[in-house]
Amino acid sequence: MSTKDQLSSLKGGFLEQRSNKELIEGILFSLPYLATFSLFLLYPLLKGGYMSLFEWNPFFPSESEFIGVQNYARMMSDGAFWNSLGNTLYFVVLTVPMIVIFSLGLALGVNRDIKGRGVLRAVFFSPYILTVSVAALIWIELYATGYGPINSYLSLTGINPPAWLQSYTWAMPAIAFMTMWWISGFSFVILLSARQSVPEYLYEAAKLDGAGSWRAFRDITLPQMRHAIFFVVIINLVWSFQIFGQPYIMTHGGPGKETETLVMYLYNVAFNQRNFGYAAALGYVLTGILVVVSFANYYLFRGNNE
Amino acid sequence: MEISYWTLLTGGDGEIMVKLIKRFNDEQPLGDVTISRQRVPWDEYYNRLFTAMTSNEAPNLAICHGAYLRRFSDLVVPIGDLMSNTNYVKQILDACTIDDEIRAVPMDSHPVGLYYNEDILKEAGVTNTPFDDFSQFEEACNKIRDETDYTPFGPSPNTGVEHRQYLTSIASLGGKLVETGGDGPKAVFDQGPGLEAAEYYASVSGERKWDIPDTSEDRVNREFLAGNIGFMVHGTWTVNRLRDVDFNWNMMKPYVTPNATQLRTAADSHTLILPDPKMSDERIKTTVKVAEWLTQNNPEWGAEAGHLPAYIPTLESDDLRNAEIWDVTLKDFMEMAQNGQLAYYPQLENFDIYDQTNWTWLLDAYAHNVSPKEAVSNGVQTWNSNL
């Protein structure tokens, strides 16, 4: 049976409505992405799953020993894994709400008719274009205990400032705050765009009905922007669970192991201990967590929608 | 033939390496052989080398710290039989020998020493430099603390030098970081000399009041360069930054550990390895010759970059002995190398010893986040889970 016959025999309205030419064009247009996806995502994903079942020998892969699910079982009793997972969750809890609220505040503020609006947009977005190394180095200087500007200003107010990046209490919040400064620009742009898409007549109608600012925000702005907010929450959740560069550069996982996150631990297991099988298993668990969290968010927001 | 060569050197020694390679390519001492240099940032270097080696993309020649040789020894080409001579400082060459096979051509040793600001010492009334024991160092620090507004001593926390200071102290107390037994390597610094060294390290920023318990990155280095600290433990490479300071400085052997039973200083070596075992025999032979040239024709590696050359004729050359830096730093380092006083890091297969994540417990002790005993206990736990 030829391709044409196969296609023409397919049931369902979707394919039947399109000519073979369109279908072939569609496939051809998709090929570059599919090739890239297969090479850089699908293959590593499958290879990682395969490696996670082995005591992997990186120099001589053929000498790797199959150990089944032992790498996954090992996590249950691995204190460093649970510590890094706990640190990651703490970072997520600190960061995601901060970023969403901060970005939403900036977006709503800049959406108003104020002078210098264009400049402010550029300013708020600009940290996002920095690499993690540059952003981290800037904040290492800002947080420096003795000579950092933050502590200098706090000292002027009579506050005895903490050693931000050396303190068991403050190291993670300090990293979370730096992260908010660094990546909020992305969420800000998304939310600003969403806010600008909300029809103004809704606000005018609400105003005529006597609704105040808070009521308009609660009943018009938030519902109208919920898809953008959902996207911002999800993308920040994914990024936050994958945090690596900030603690790696700013604290090296310290003080103690207070800022060692899951990806940082994964990296250490792979490149410090050279245990690539276990690192691959850790990667799969992280992926599983992200999938679960993403679906949970999806259903949560869908529920609100309904 | 073009030899691909990876380095990780930046700053002063990076510039000297560039000059050295340019000289090689200009003079072409091995005939039609040139070097193609690629510099990889320090913090990415070993992972990129590792991934290159596991994916058959390794360069012909690469710099490798002696401490990392065992991590790469499975694939590094043994070269003992191909070297034209082994006239290198024995302790340094020994560090290149893994399982009785020479795996690298040693280029240098870069130990740490005790750098000091002569102007601060003068103001404090300290005139008996260089010191012969810890009590003189202790007295000088106390004088700086009591007689001046300067900070007496910083063992360079959070610069990557803190663990060199710690290793210096452990080795001076006769201890080790790791014991290698039948069950494999095991961290043992949570007791005896390891604990004593950590207690001393914490006391510098504690009861001795020689420094503050602040482990902000690079603080001591900056403060020393700004002329605010009397003594600093640092490596040979720091001379490149000290050339520009506006105070008088000098260096002496690091008698910085109380109750020391011997003088030791933490050291490592830049070595040259052949990380690609799939090279042809001809290319391997040529690459070894290139490595030998780079390590044997480099007086500027000592005179300008500040490292202690490993090749004995270079070490004894007039070029080096007449260099300005010889009397300031290299003479002391050479004496220590000849006396077997260099304390090398343990060579571990599954442990990245320079990764700062393995040393956060030491910064905890210095910052007084936890007691020294708890810090070393945390450190040993981390190390042993990795080892």
Side-chain angles (χ1 to χ4, degrees), chain A residues 56-61 63 74 77-81 83-84 133 136-137 139-148 151 161-171 244-245 247-261 264-265 267-276 278, chain B residues 41 43-44 46-48 50-51 53-55 71-76 151 157-158 160 211-220 222-223 226 228 275 277 348-370 374-375 378-379 381-383 385-387:
Chain A
W56 193 258
N57 184 331
F59 286 122
F60 306 105
E63 293 177 13
R74 177 183 160 182
S77 57
D78 181 359
F81 163 71
N83 174 64
S84 63
S133 313
L137 290 174
W139 281 85
I140 285 174
E141 296 297 310
L142 292 173
Y143 282 136
T145 310
Y147 55 83
N151 279 7
W164 298 100
L165 299 177
Q166 302 156 37
S167 156
Y168 276 60
T169 308
W170 289 105
F244 171 73
Y248 190 76
I249 296 167
M250 295 172 75
T251 60
H252 314 297
K257 292 287 175 192
E258 291 297 300
T259 59
E260 185 176 67
T261 59
M264 209 174 146
Y265 180 57
Y267 177 85
N268 278 336
V269 168
F271 288 101
N272 199 331
Q273 302 174 25
R274 298 238 173 111
N275 190 343
F276 284 86
Y278 188 44
Chain B
D43 51 352
E44 296 171 20
Y46 284 106
N47 286 342
R48 282 177 64 174
F50 169 73
T51 48
M53 288 170 77
T54 54
S55 54
R71 279 173 76 73
F72 296 105
S73 62
D74 281 350
L75 288 185
V76 164
T151 302
N158 210 352
D211 190 20
I212 53 174
D214 177 3
T215 57
S216 295
E217 192 153 317
D218 213 27
R219 172 184 61 86
V220 166
R222 290 176 197 216
E223 291 292 308
N228 298 327
L348 302 166
E349 191 175 352
N350 293 320
F351 193 79
D352 185 345
I353 204 142
Y354 284 138
D355 190 327
Q356 286 287 87
T357 61
N358 290 320
W359 296 97
T360 53
W361 56 271
L362 186 56
L363 297 182
D364 269 355
Y366 199 77
H368 298 273
N369 282 332
V370 296
E374 196 177 343
N378 292 341
Q381 196 181 341
T382 300
W383 280 45
S385 67
N386 288 352
L387 287 168

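Numbered from 1 within each chain, the chains take letters A, B, ... in sequence-line order. On a predicted model such as this, the values are computed, not experimentally measured, just so you know.
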Under 3.5 Å, side chain of [X] to main-chain N/O of [Y], donor-acceptor pair present?
X: A/R274; Y: B/R71; result: yes
X: A/N272; Y: B/D352; result: yes
X: B/S216; Y: A/T145; result: yes
X: A/K257; Y: B/T357; result: yes

Using heavy-atom distances under 4.5 Å, tell me whether [X] contacts chain B through its side chain, its backbone, both, or neither.
X: A/I140; value: side chain
X: A/Y267; value: side chain
X: A/E141; value: side chain
X: A/Y248; value: side chain

Evaluate the side-chain proximity of [Y] to [X]: yes if any heavy-atom separation is below 4.5 Å, no if none is.
X: A/F276; Y: B/T54; value: no
X: A/F271; Y: B/D355; value: no
X: B/F50; Y: A/P58; value: yes

To the closest 0.5 Å, what do you measure between [atom1] ([X]) and [atom2] ([Y])?
X: B/Q356; Y: A/I249; atom1: CD; atom2: CD1; answer: 13.0 Å
X: B/R219; Y: A/Y147; atom1: CZ; atom2: OH; answer: 8.5 Å
X: A/H252; Y: B/L363; atom1: NE2; atom2: CG; answer: 7.5 Å
X: B/D74; Y: A/F59; atom1: CG; atom2: CZ; answer: 5.5 Å

Considering only heavy atoms and a distance below 4.5 Å, find which of B/W359, B/F351, B/W361 pairs most often with chain A.
B/F351
Below 4.5 Å from any heavy atom of chain A, which atoms of [X] appear? Answer side chain, backbone, both or neither.
X: B/E349; answer: backbone
X: B/D214; answer: both
X: B/T382; answer: side chain

Side chains of B/N350 and A/Q273: donor-acceptor distance under 3.5 Å anywhere?
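No, A/Q273 and B/N350 have no side-chain donor paired with an acceptor closer than 3.5 Å.
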Can B/N369 and A/Q166 be counted as having a side-chain donor-acceptor contact under 3.5 angstrom?
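Not at all, the side chains of B/N369 and A/Q166 share no donor-acceptor pair under 3.5 Å.
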Option in A/G254, A/A144, A/A163, A/G256 with maximal non-hydrogen atom pairs under 4.5 Å from chain B
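Winner by heavy-atom pair count: A/G256.
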